[in-house]
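The structure under discussion appears below in the form of structure tokens.
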Amino acid sequence: MLHLKQGKKVFAALLAAVFMMVAASAQAADFKKEYKMQVTVGPKLYWGIGATKFAELVAEKTGGRINVKPYFGSALLKGAQLKSSQMVAKGVIDCAIDSTINISPVIPEANIFHLPFFLNNFENLDKVKNGKAGEAVFKAMEAKRIQPLAWAENGFRQLTNSKVMVKTPEDMKGLRIRVVGNPLFIDTFRELGADPVNMNWGDAVAGFQQGVVDGQENPMGVLVPIQIYQYHKYATLWNYLVDPLIIYWNQAEWRAFPKDVQDAIMAAAKEAGRFEIALSRAGLDDGSSLKILKEEFHYDMEVPDPIAFLQSKGMEVHTLSPEELAAFVKATRPVYDKWIQEIGPEVYEKAKADLGL
Ligand code: X2X
């Protein structure tokens with residue numbers, strides 16, 4: 001009798017185990033084998049390192065159920081970096097970690113970060129990102145069927161070139177500067193008297209190498225890994241604008257995920273964002289980013305002082321004085337008239353309020 005009871009128990013336990021396995025595999029079958037992630041840049045740039053971190057954290061936090069694969073160098077877009085949010089909105093691509101510059105064709109509000117000399121330091125950037133204007137950008141994404149998950153950062157963009165040490169707008173006369181095909185950038189460099197050349201990132205480094213252009217603008221997290229000093233002798237640090245990154249997902253696909261999967265991916269995005277922001281700011285802030293990398297992520301920064309590093313490679317680096325900066329601010333002011341309308345005056349007002357202006 002006892003025997004029979006035990007046998008029944010074992011059988012019941014076995015049956016339960018089989019049920020669980022079937023249920024688990026049914027659930028696993030609901031997930032794709034691979035979730036494709038668009039990444040504009042290569043894996044060595046800080047942004048690319050952040051993409052890899054996100055994929056690793058998603059695998060870890062979902063117990064391997066969700067497999068995000070980064071496709072570097074805008075491979076999914078054949079280099080057309082400005083199409084990423086359109087493709088994620090359509091569900092052709094599952095997710096992305098992309099710059100506000102590249103999402104602005106679909107989300108004009110994202111250009112709030114790119115008004116020249118508007119947000120000129122980390123503190124102001126954080127106020128806007130975490131304030132009402134940042135919220136407006138996220139809401140605009142949701143309205144376009146994109147689920148924003150977390151902020152990361154490309155960084156404050158600096159000017160480099162092979163011809164002249166730029167200290168005044170006059171120094172920029174006729175300089176051929178590669179810019180991304182976001183028209184706000186063309187307008188800004190025209191106002192400065194330069195000759196902006198619109199080029200996808202995928203062609204840009206070859207363009208620097210071959211001298212097709214004289215200069216470019218990008219943050220340290222790009223300039224250090226691509227070894228800009230091989231092509232350009234002069235760097236002007238002017239923090240003229242910043243591009244945060246946003247980790248985002250196709251909305252319909254996101255909404256269909258079970259809650260625990262959403263929570264795990266969201267936690268991965270926040271953690272990868274924190275890590276990547278620290279990479280981008282390392283050696284450029286009050287030391288807190290290097291501390292975060294070391295203490296929270298046990299990560300040793302290969303180039304802990306990017307400015308000293310570029311100088312050690314023979315670059316001349318000049319930080320604009322407040323007086324020099326004033327001339328650039330004045331010269332680029334006309335950009336505001338047109339672009340505040342494009343961004344939406346209410347978003348501009350929100351950003352000003354976030355900054356306490
Ligand atoms: O194209 C650029 O300059 C880059 C890599 O910074 C962006 O994608 C915005």
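This structure is a prediction, so every number in the text was calculated from the model and none was measured.
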Using atom types as modelled and distance alone, determine if a side-chain donor or acceptor of Gln81 lies under 3.5 Å from a backbone N or O of Trp201. yes
Within the structure provided, determine whether Phe113 and Lys129 are in side-chain contact (heavy-atom separation under 4.5 Å).
yes
(message) Any side-chain to backbone donor/acceptor pair from Trp47 onto Ile97? Under 3.5 Å, distance only.
(response) yes
Review point. Are Leu279 and Lys53 close enough that some pair of their side-chain heavy atoms sits under 4.5 Å apart?
Key: no
Which of Gln86, Arg145, Met141, Lys83 passes side chain to side chain contact (heavy atoms under 4.5 Å, CB included) with Val106? Answer is Gln86
ask   = Does Gly202 offer a backbone N or O that forms a donor-acceptor pair with the side chain of Asn200 under 3.5 Å?
value = no
In this structure, CE of Met87 is separated from CD1 of Ile146 (nearest 0.5 Å) by 11.5 Å
- Would you confirm whether Lys163, through its side chain, and Leu175, through its main-chain N or O, come within 3.5 Å as a donor-acceptor pair? no
Exercise for the section: Find out whether Pro258 and Phe31 are in side-chain contact, i.e. whether some heavy atom of one side chain is under 4.5 Å from a heavy atom of the other. Expected result: yes
### Task
Report yes if the side chains of Ile228 and Met315 come closer than 4.5 Å at any heavy-atom pair, otherwise no.
yes
Problem - Backbone N/O of Glu142 and side chain of Gln251: donor-acceptor pair under 3.5 Å - result: yes
Q. Is Asp263 paired with Lys259 through a side-chain N to carboxylate O contact shorter than 4.0 Å?
A. yes
Give a yes or no answer on whether the side chain of Asn250 reaches the backbone of Val88 with a donor-acceptor pair at less than 3.5 Å. yes
Only residue of Tyr336, Trp339, Phe185 satisfying ring pair (Phe, Tyr, Trp, His ring centres under 6.0 Å) with His114 is Phe185
*Looking just at side-chain N and O atoms, do Asn182 and Ser104 make a donor-acceptor pair shorter than 3.5 Å?*
yes
Sorted by chain and number, sequence neighbours left out, side-chain contact (heavy atoms from CB on, under 4.5 Å) with Lys69 holds for Glu34, Tyr71
CD of Glu217 to OH of Tyr240, rounded to nearest 0.5 Å, is 3.0 Å
Asn102-Ser85 side chain donor-acceptor pair, cut-off 3.5 Å
no
List the steps and the verdict of ring-ring contact (aromatic ring centres under 6.0 Å, His included) for Phe156 and Phe122. CA-CA 9 Å; Phe156 280 95; Phe122 294 128; 5.5 Å; yes
Distance col, row Asn218:CG vs Ile226:CD1, nearest 0.5 angstrom, shows 6.5 Å
Practice item. Using only heavy-atom distances, determine whether the side chains of Asn154 and Ser99 contain a donor-acceptor pair under 3.5 Å. Key: no
Those residues at least two apart in sequence (or on a different chain) that pass ring-ring contact (aromatic ring centres under 6.0 Å, His included) with Tyr231 are none
With sequence neighbours left out, the residues meeting ring-ring contact (aromatic ring centres under 6.0 Å, His included) with Tyr348 are Phe118
Strictly distance-based, threshold 3.5 Å: is any side-chain N or O of Thr236 a donor or acceptor partner for the main-chain N or O of Val166?
yes
Given the rule in the salt bridge (Lys or Arg N to Asp or Glu O under 4.0 Å) test, do Lys350 and Glu346 qualify, once you have shown the distances and angles that lead to the verdict?
CA-CA 6 Å; Lys350 281 180 180 166; Glu346 57 313 328; over 6 Å; no
Can you hop from Tyr46 to Ile101 via hydrophobic side chains spaced under 4.5 Å?
yes
Does this structure show an ion pair linking Arg176 with Asp195, if we count only N-O contacts that are shorter than 4.0 Å? yes
inquiry  = For a side chain to side chain donor-acceptor pair (under 3.5 Å) check, start with the C-alpha distance between Glu324 and Thr168, then their side-chain angles and the critical distance, and finish with the verdict.
reply    = CA-CA 6 Å; Glu324 287 167 342; Thr168 67; over 6 Å; no
So Asn239 and Gln158, side chain to side chain donor-acceptor pair (under 3.5 Å) or not? Walk me through it. CA-CA 6 Å; Asn239 278 18; Gln158 317 295 359; 2.7 Å; yes
